[in-house]
Amino acid sequence: MDHACHGQPTVSVNYGSEAIGLRKFTDHVELIVKDQNDEKTVINAQYVVGCDGANSFVRKNMNHTITDLGFAADFLVVDIIPHVEREWTPMNLQVCDPARPTTVVSGGPGRRRWEFMALPGETKEEMNREEVAWRLLEPWDITPENSTLERHAIYTFKALWVDEWREGRLILAGDSAHLTPPFMGQGLCSGLRDANNLAWKLDMILSGKVDDSILDQYTKERKPHNRDVVEAALYLGKVICVTDPAEVEKRDAMFLSGDIPPFPDFPILTDGILHRSEAGRSDNLAGQLSFQSKVKYHGETGLFDDIVGHEGWTIMTIAEDPKKYLSQEQIEFLDSIGVEFFEFSDKETKNTNIVIDIDGKYKQYFQEKGVEVVIVRPDFYIFGSTATIENLPILVDGLKQQMNKFMNTATARKDTVI
Ligand SMILES: Cc1cc2nc3c(=O)[nH]c(=O)nc-3n(C[C@H](O)[C@H](O)[C@H](O)COP(=O)(O)OP(=O)(O)OC[C@H]3O[C@@H](n4cnc5c(N)ncnc54)[C@H](O)[C@@H]3O)c2cc1C
């Protein structure tokens with residue numbers, strides 16, 4: 001990510017700088033930034049995206065309310081570098097031991113992480129000490145003789161979200177907008193989804209394709225998805241973090257009998273810029289993540305996103321020549337928002353949009369879903385699908401109708417986003 005940012009001519013990275021002031025105007029935001037030498041700079045920005053963590057400075061400048069599910073558990077997080085490389089089986093585990101609920105996970109190459117829950121009565125100050133870390137690690141055969149303790153810190157795991165993630169030109173993303181207990185490993189993932197969702201909307205605004213009312217879709221799309229993730233993580237937390245003997249007995253009996261509610265499916269997008277039928281129902285695939293498999297394209301082989309690398313809207317189909325079903329007006333609309341067409345086939349032709357479906361996985365996916373064509377948003381969520389290619393014009397009109405709401409007043413601007 002760091003590397004990718006440095007590679008962008010339009011991005012400047014200022015390590016060690018701190019945003020210390022913010023002034024809101026109708027047509028821009030002034031951000032006052034202090035660098036490591038205490039020098040202050042004023043940056044004029046069209047939009048400020050506060051990806052500034054749980055204690056967000058940007059959020060403090062917004063009128064906001066928070067929905068807090070009331071979960072709070074202190075964990076001592078310890079990162080270890082074993083002196084000799086070891087095989088860890090299983091790689092990741094949750095130990096639902098009421099004597100010390102513990103999480104053990106990979107910490108990246110050559111590292112391993114332990115997360116020990118503070119028991120009722122144990123304070124953060126008591127827990128956050130090196131000797132406590134070593135004491136808790138000893139039963140795992142981790143000692144100062146065979147490992148280096150890289151860092152230890154106390155985190156309070158919480159489950160909450162801000163109710164509205166945009167106020168005018170200020171926008172929240174990542175932990176500034178929501179906190180999830182890490183039992184599903186989804187905190188950063190949710191932040192990346194926010195960034196993906198915002199990026200294409202901001203890009204379309206800044207290139208003058210749409211006006212900024214499209215940003216009203218951001219909270220609408222991301223918040224319910226994130227809420228489901230937080231609730232699922234909380235469900236796991238309530239299984240893992242139990243220390244009360246009666247509750248432990250109840251939990252264990254439930255799991256041993258198998259009488260447990262099924263874990264919910266991973267959430268999809270349910271609101272926002274998604275295809276709906278005239279009756280207002282979304283189609284079967286709208287809001288799901290698009291499918292990806294190995295392809296050959298222009299002589300190269302690999303995963304679709306790596307090889308084709310298109311970052312905007314796409315129309316993907318297993319039918320031939322989708323454009324022939326569309327009017328000139330529809331094609332012009334698709335061009336105006338940068339839609340690319342890709343046809344999956346098992347044989348190469350001169351058509352430059354043909355993507356070779358090496359393992360037949362795309363054909364299988366489309367057949368299983370009962371569709372011939374999908375429109376995929378730039379954040380890889382499916383806008384909509386149709387069973388037959390003949391109905392592609394209906395799908396395109398549906399997209400046009402939704403995008404028109406934001407396109408009427410848009411004019412090109414050269415803007416800054418921070
Ligand atoms: C123990 C633990 C385990 C986790 N495990 C996982 C996992 O397995 N998978 C997963 O997806 N997530 C996991 N998470 C969650 C994940 O770490 C966070 O969701 C993620 O780091 C949030 O990223 P962020 O960029 O939104 O915020 P942060 O990582 O908090 O980054 C915010 C940045 O903004 C900077 N900043 C703040 N204020 C200012 C200011 N005024 N001016 C300039 N800069 C500022 C901060 O210095 C910081 O660099 C875990 C979290 C914990 C605590």
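Only a predicted model underlies this, so the values are computations on that prediction, with no experimental measurement involved. Because only heavy atoms are used, hydrogens play no part in the values below, and waters and symmetry mates are left out as well, while side chains stay in. Positions are given from 1 along the sequence. Both counts, for ligands and for their atoms, begin at 1 and track the order of listing.
- The atoms of ligand 1 that sit less than 4.0 Å from any heavy atom of G174 are 26 (O).
- Formation of a donor-acceptor pair under 3.5 Å by the N391 side chain with backbone atoms of I394 is not found in this model.
- In the vicinity of F57, heavy-atom distances shorter than 4.0 Å reach the ligand 1 atoms 41 (N).
- Nearest protein neighbour of atom 34 (O) of ligand 1, counting heavy atoms only, is D52 CA, 3.4 Å.
- A tilted orientation is assigned to the rings of Y362 and F304, their planes being inclined by 30° to 60°.
- Closer than 4.0 Å to atom 46 (C) of ligand 1 lies none of the heavy atoms of the protein.
- Scanning all heavy atoms of the two residues, the minimum distance from E164 to M62 falls at O-CE, 4.2 Å.
- Within a 4.0 Å radius of atom 12 (N) of ligand 1, the protein contributes at least one heavy atom.
- Among A153, C51, G16, the residue whose heavy atom sits closest to atom 32 (C) of ligand 1 is C51.
- Within the 4.0 Å heavy-atom cutoff, C189 counts among the residues contacting ligand 1.
- Here's the thing with A19: one of its N/O atoms is less than 3.5 angstrom from an N/O atom of ligand 1.
- Close approach of ligand 1 to G187 (heavy-atom distance below 4.0 Å) involves ligand atoms 10 (C), 11 (O), 12 (N), 15 (C), 19 (O).
- Ring geometry for W200 versus W313: interplanar angle over 60°, hence perpendicular rather than tilted (30 to 60°).
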Next item on the list: Show your reasoning for whether salt bridge (charged side-chain N to carboxylate O under 4.0 Å, His left out) applies to D194 and R222.
Entry: CA-CA 7 Å; D194 299 343; R222 284 292 308 131; 2.6 Å; yes

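- The shell of residues lying under 4.0 angstrom from ligand 1, judged by heavy atoms, includes R113.
- Summary of contacts: the protein heavy atom closest to atom 4 (C) of ligand 1 is P182 CB, 3.5 Å.
- Counting only heavy atoms, the protein never gets under 4.0 Å from atom 17 (O) of ligand 1.
- Polar contact check, V77 against ligand 1: no nitrogen or oxygen pair lies under 3.5 Å apart.
- K296 NZ to D359 CG: the interatomic distance, rounded to the nearest 0.5 Å, is 13.0 Å.
- Using a 4.5 Å heavy-atom threshold, the side chains of W88 and M91 count as touching.
- In this structure, atom 53 (C) of ligand 1 lies nearest to the protein heavy atom Y155 CD2, 3.3 Å.
- In this structure, the protein non-hydrogen atom closest to atom 27 (O) of ligand 1 is G53 CA, 3.6 Å.
- In terms of polar-atom proximity, L188 is counted as a contact of ligand 1, with an N or O under 3.5 Å from an N or O of the ligand.
- Using a 30° and 60° split on the angle between ring planes, Y297 and F342 fall in the perpendicular class, above 60°.
- Protein non-hydrogen atoms do not reach within 4.0 Å of atom 49 (O) of ligand 1.
- Residues H152 and N128 bring a donor and an acceptor atom of their side chains to less than 3.5 Å of each other.
- The protein reaches atom 40 (C) of ligand 1 closely, with a heavy atom under 4.0 angstrom from it.
- Across G185, S17, A177, S190, heavy-atom proximity to atom 44 (N) of ligand 1 is greatest for S17.
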Please evaluate residues R276 and Q401 with respect to the criterion side chain to side chain donor-acceptor pair (under 3.5 Å), reporting the C-alpha separation (whole Å), side-chain torsions for both, the decisive distance (0.1 Å), and the verdict. CA-CA 11 Å; R276 289 172 192 84; Q401 196 188 7; over 6 Å; no

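- Protein heavy atom at the shortest distance from atom 24 (P) of ligand 1 is D175 N, 4.2 Å.
- Ring orientation note: the planes of H275 and F383 are tilted relative to one another, at an angle of 30° to 60°.
- Aromatic ring orientation, F183 versus F157: perpendicular (interplanar angle above 60°, classes split at 30° and 60°).
- Here's the thing with E115: none of its N/O atoms is less than 3.5 angstrom from an N/O atom of ligand 1.
- Of the candidates E131, E125, E126, E131 is the only one forming a salt bridge (charged side-chain N to carboxylate O under 4.0 Å, His left out) with R129.
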